Amino acid sequence: HFPDFLRVGNLLNYKKTPSKILEDVAYKTEIPFLLPIKDFGMGFFMNVKYKDRINSIIELSALKIMASLPNGLIKVSLIDKTGAGQNFPTLSTLHEKFIDGKVLSEDTEIELELESLKNSMSTITQSIAANGFESVEDYNKKTDEVPQQYQIICVSNFPTGFNKKSTENLLALMESG
């Protein structure tokens, strides 16, 4: 089951707003910070000051999704033009059954990977829809055939390394992938 939400941490009440339940005005609240990811993508705008923190969140998110799915049901593409894998240190060392090849850092590699993923997504989407399924997850739950893999694309420092075609392919994947 592809997760509906991804827990990326906790939200803390730093202002110590009075609790409606407790009378102690210094009560600190802490709740899980959940991001809806089913049928959504995830992206972060970042300040260079927080680059390492954002890359860690992206990497941790991918690892959590990978851990929630059966073995072999997910592939990860890493695009890291500026760091050649250093921005995703844990993901870039995983076995190639998870990581699709290597960390992509060259303009032509990035363009070819995104074009391939876009074409693959189009074929899979048409096949799934033609057989009466609403989504890859719906297909995977109800089919007796080999389940379709989920694809995660982790990009560091977008738009660095993206030409017009790569950007268009990434947008197409984000809009309908």
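Because the structure is predicted, anything quoted here is derived from the model rather than measured.
Inter-residue side-chain proximity for D80 and S105 is flagged as unmet; no heavy-atom pair is nearer than 4.5 Å. Two residues are said to be in side-chain contact when any heavy atoms from C-beta on lie closer than 4.5 Å; Y150 and N140 meet this criterion. In this structure the side chain of P147 reaches within 4.5 angstrom of the side chain of L73, judged on heavy atoms. Side-chain contact between V103 and F88: absent, with no pair of heavy atoms (C-beta onward) separated by less than 4.5 Å. In this structure, F158 and T167 have side chains that are in contact, with non-hydrogen atoms separated by less than 4.5 Å.
To the nearest 0.5 Å, atom NZ of residue K64 and atom CD of residue E59 are 12.5 Å apart. Distance check: Q149 CD to S120 OG gives 9.0 Å after rounding to the nearest 0.5 Å. Distance check, rounded to the nearest 0.5 Å: CG of L117 to NZ of K75 gives 11.5 Å. Note that NZ of K81 and CG of N87 are 13.5 Å apart. Values are rounded to the nearest 0.5 Å. The line from CD of Q151 to CD of E113 is 6.5 Å long, rounded to the nearest 0.5 Å. Summarising the geometry, atom CD belonging to E111 is positioned 13.0 Å from atom CD belonging to E106; distances are rounded to the nearest 0.5 Å.
Closest heavy-atom contact between M121 and A172: CE-O, 4.3 Å. Across all non-hydrogen atoms, the minimal contact from S166 to L114 is O-CD1, 3.5 Å.
Connection of L78 to L112 is not established within any shared hydrophobic cluster, with ILVMFWY side chains joined at heavy-atom distances below 4.5 Å, either directly or through further cluster members. L173 and I110 fall within the same hydrophobic cluster, defined by Ile, Leu, Val, Met, Phe, Trp and Tyr side-chain heavy atoms under 4.5 Å apart, directly or through other members. Under the 4.5 Å side-chain heavy-atom criterion for grouping Ile, Leu, Val, Met, Phe, Trp and Tyr, L60 is not connected to I74 through any hydrophobic cluster.
Checking S122 against N119 by side-chain atom types alone, no donor-acceptor pair falls below 3.5 Å.
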Next on the checklist: Set out, in order, the CA-CA distance, both residues' side-chain angles and the distance that settles side-chain contact (heavy atoms from CB on, under 4.5 Å) for I124 and Y139, then state yes or no.
Outcome noted: CA-CA 10 Å; I124 291 168; Y139 171 84; over 6 Å; no

